[in-house]
2 protein chains.
Amino acid sequence: MTMLPTRAGTKGMPRAERERQVLAAATEEFGRRGYEATTMATVAARVGVTKPLLHQYFGSKQDLFLGCLEPVGDRLLKAVRTAMADHDNGAPPTPLRVLRALFDALDGQREAWFVLYDPSLPPGSEAAHRAAHYRDAIDELAATGTADLLHSTGSDDPLDADALKYAWRGLCTTLVRWWIEHPDQTPEAMAGRCARIFAIARAVDPG
Amino acid sequence: MTMLPTRAGTKGMPRAERERQVLAAATEEFGRRGYEATTMATVAARVGVTKPLLHQYFGSKQDLFLGCLEPVGDRLLKAVRTAMADHDNGAPPTPLRVLRALFDALDGQREAWFVLYDPSLPPGSEAAHRAAHYRDAIDELAATGTADLLHSTGSDDPLDADALKYAWRGLCTTLVRWWIEHPDQTPEAMAGRCARIFAIARAVDPG
DNA sequence: CGATGAACTTACCAGTCAGTAAATTACCCT
DNA sequence: AGGGTAATTTACTGACTGGTAAGTTCATCG
């Protein structure tokens with residue numbers, strides 16, 4: 001009676017494997033086109049399947065999105081957390097360590113970043129709230145990293161802190177987008193490029 | 001016979017004035033929600049009018065968008081051009097002058113920025129091409145501004161230059177988005193905040 | 001073989017949106 | 001008054017999309 005992988009009457013592919021396929025395709029599609037522009041039919045077509053199957057497996061379009069969001073959010077959050085943690089002497093400065101961690105976490109599925117940072121999520125929806133939750137968690141980590149920086153420059157304006165957090169988030173997003181447009185670049189190459197760009201930025205206003 | 005402002009048989013409002021109203025409402029709506037999420041009916045409703053009038057006056061949805069894009073693109077391009085030009089001694093460094101010019105040009109209609117930087121334009125469409133044209137024109141100005149900076153740090157990698165251009169464009173977009181979420185901030189206050197944030201960024205990696 | 005049940009599809013409904021055709025309103029001029 | 005015309009609306013079509021109901025295929029097991 002121990003027929004747990006019973007597989008009685010199976011046409012096509014086992015459900016678990018198909019679900020993985022769908023999640024991978026949906027993550028890429030949601031990330032590339034955004035939630036609103038992504039249709040269930042195109043996601044289904046990418047996997048060689050029809051729309052009703054997606055609804056049977058995942059429920060609504062928003063449920064499918066949530067199924068993509070959770071693993072991506074967890075992966076990125078964990079990556080940033082560990083990157084912020086190991087700061088032994090001789091390591092690159094924190095921002096560069098975080099970027100390197102993001103590039104490593106996103107390698108092989110770079111569009112996943114925009115599943116978290118999708119501006120076309122229905123406002124007020126569960127999906128929007130959950131995505132915002134992940135973004136805020138990552139932001140808070142960044143905020144602890146910049147708090148001392150703010151004090152060192154004498155600024156204690158909370159709006160400055162908020163804008164800085166926002167700018168950092170936007171910079172990461174921009175760099176990932178550039179990376180997506182240059183598929184041949186390795187995470188390591190990206191990290192090096194970011195270091196050089198930071199150096200250039202520091203050279204502004206030499207007077 | 002010189003009855004140029006003839007206004008024979010006019011119900012409601014003269015066409016030119018209505019068109020200005022529609023363009024203002026559409027610019028805000030396109031900028032805020034993006035092209036795809038904006039519907040002709042909601043734009044019409046904002047002006048207290050119905051959808052067919054918009055089609056009669058402007059043609060298709062894309063034509064209406066182009067009608068919004070052109071003045072905004074011209075205004076921003078001109079603002080950046082003049083900001084890059086007047087570099088007398090004692091003035092703030094170029095990036096800050098450009099930002100200040102952008103904030104001034106966008107004051108009163110901040111969402112207009114995202115008419116140029118709308119990611120939801122139908123790929124390959126006339127609208128997408130024209131928007132890209134304006135973006136590229138602005139980018140090229142920024143590129144001439146950063147060319148010497150790149151050489152001064154010894155980097156002659158063209159990919160570095162491209163990534164820097166891209167990062168700068170993204171940073172501007174991010175700052176405008178933050179500004180939109182803080183409506184009480186004046187352009188001057190924003191410029192000052194950006195200067196402080198730049199100073200903070202320069203303080204990274206003091207080792 | 002023949003039944004079972006998971007994998008999957010065809011055919012459909014309901015809602016939304018861009019776009020159009022045909023009227024209708026209301027101001028102006030004679 | 002009443003004809004002309006710009007401004008505007010009502011009523012509609014067609015395409016597309018999220019979602020559902022009911023059926024069909026087919027490997028396995030008895």
Side-chain angles (χ1 to χ4, degrees), chain A residues 1-23 25-26 29-30 33-68 120-123 125-127, chain B residues 1-23 25-26 29-30 33-68 120-123 125-127:
Chain A
M1 294 231 177
T2 68
M3 42 170 167
L4 272 183
T6 175
R7 284 197 45 84
T10 56
K11 175 191 173 189
M13 198 171 290
R15 174 163 180 160
E17 187 175 344
R18 189 64 93 189
E19 284 180 345
R20 279 199 305 273
Q21 278 188 11
V22 170
L23 281 177
E29 207 69 17
F30 281 134
R33 325 264 182 212
Y35 180 85
E36 192 159 304
T38 298
T39 76
M40 297 295 272
T42 63
V43 172
R46 282 182 60 124
V47 193
V49 138
T50 55
K51 188 177 52 162
L53 190 72
L54 269 59
H55 281 108
Q56 182 170 335
Y57 282 4
F58 293 94
S60 70
K61 182 185 182 183
Q62 190 176 176
D63 292 335
L64 174 58
F65 178 86
L66 291 173
C68 298
S120 77
L121 292 174
S125 66
E126 172 85 11
Chain B
M1 291 233 177
T2 68
M3 41 170 169
L4 272 182
T6 174
R7 285 199 41 83
T10 55
K11 174 189 171 188
M13 196 170 292
R15 174 164 180 160
E17 188 175 343
R18 189 63 93 190
E19 284 180 344
R20 279 199 306 273
Q21 279 188 10
V22 170
L23 282 177
E29 207 69 16
F30 281 135
R33 324 265 182 213
Y35 181 84
E36 192 159 304
T38 298
T39 76
M40 298 294 273
T42 63
V43 172
R46 283 183 60 125
V47 193
V49 138
T50 54
K51 189 178 48 162
L53 190 71
L54 270 58
H55 280 109
Q56 183 168 337
Y57 282 4
F58 294 94
S60 71
K61 182 185 182 183
Q62 190 176 175
D63 291 335
L64 174 59
F65 178 86
L66 291 173
C68 299
S120 78
L121 292 174
S125 65
E126 171 85 11

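Every chain is numbered from 1 and lettered A, B, ... according to where its sequence line falls, protein lines coming before strand lines.
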With the sugar-phosphate defined as primed atoms, P, OP1 and OP2, and the base as all remaining atoms, what B/S/- string results for nucleotides 12-24 of chain C, 5' to 3', for protein heavy atoms under 4.0 Å? -----SBBBB---
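Heavy atoms only, all atoms of each residue included: Ala25(A) and Arg46(A) are closest at CB-NE, 3.8 Å. Pairing each heavy atom of Ala44(B) with each of Thr50(B), the nearest pair is CB-C, 3.6 Å.
At a threshold of 4.5 Å between non-hydrogen side-chain atoms, the residues Gln21(B) and Val49(B) do not count as touching. Using a 4.5 Å heavy-atom cutoff, the side chains of Tyr57(A) and Val22(A) are not in contact. Residues Arg33(A) and Thr42(A) have side chains not in contact (no heavy-atom distance under 4.5 Å, counting atoms from C-beta outward).
Taking side-chain N and O atoms only, Thr50(A) has a distance below 4.0 Å to OP1 or OP2 of dT9(C). Listed pair Arg15(B) / dT8(D) fails the phosphate criterion, with no side-chain N or O lying under 4.0 Å from OP1 or OP2.
Between the CD atom of Glu17(A) and the C1' atom of dA6(C) there is a distance of 15 Å, rounded to whole Å. Counting to the nearest Å, the C1' atom of dT10(C) and the CG atom of Leu53(A) are 14 Å from each other. Across the protein-nucleic acid pair, Met13(A) atom CE and dT25(D) atom C1' stand 16 Å apart, rounded to whole Å. Look at CZ on Phe58(A): it is 14 Å from P on dG19(D), rounded to the nearest Å. As rounded to whole Å, 11 Å separates atom P of dC8(C) from atom CD of Glu19(A).
Backbone-only engagement by Tyr57(B) is indicated by non-hydrogen atom pairs under 4.0 Å involving sugar-phosphate atoms exclusively.
Taking the six-membered ring for Trp and thresholds of 30 and 60 degrees, Phe30(B) and Tyr35(B) have nearly parallel ring planes, at less than 30 degrees apart.
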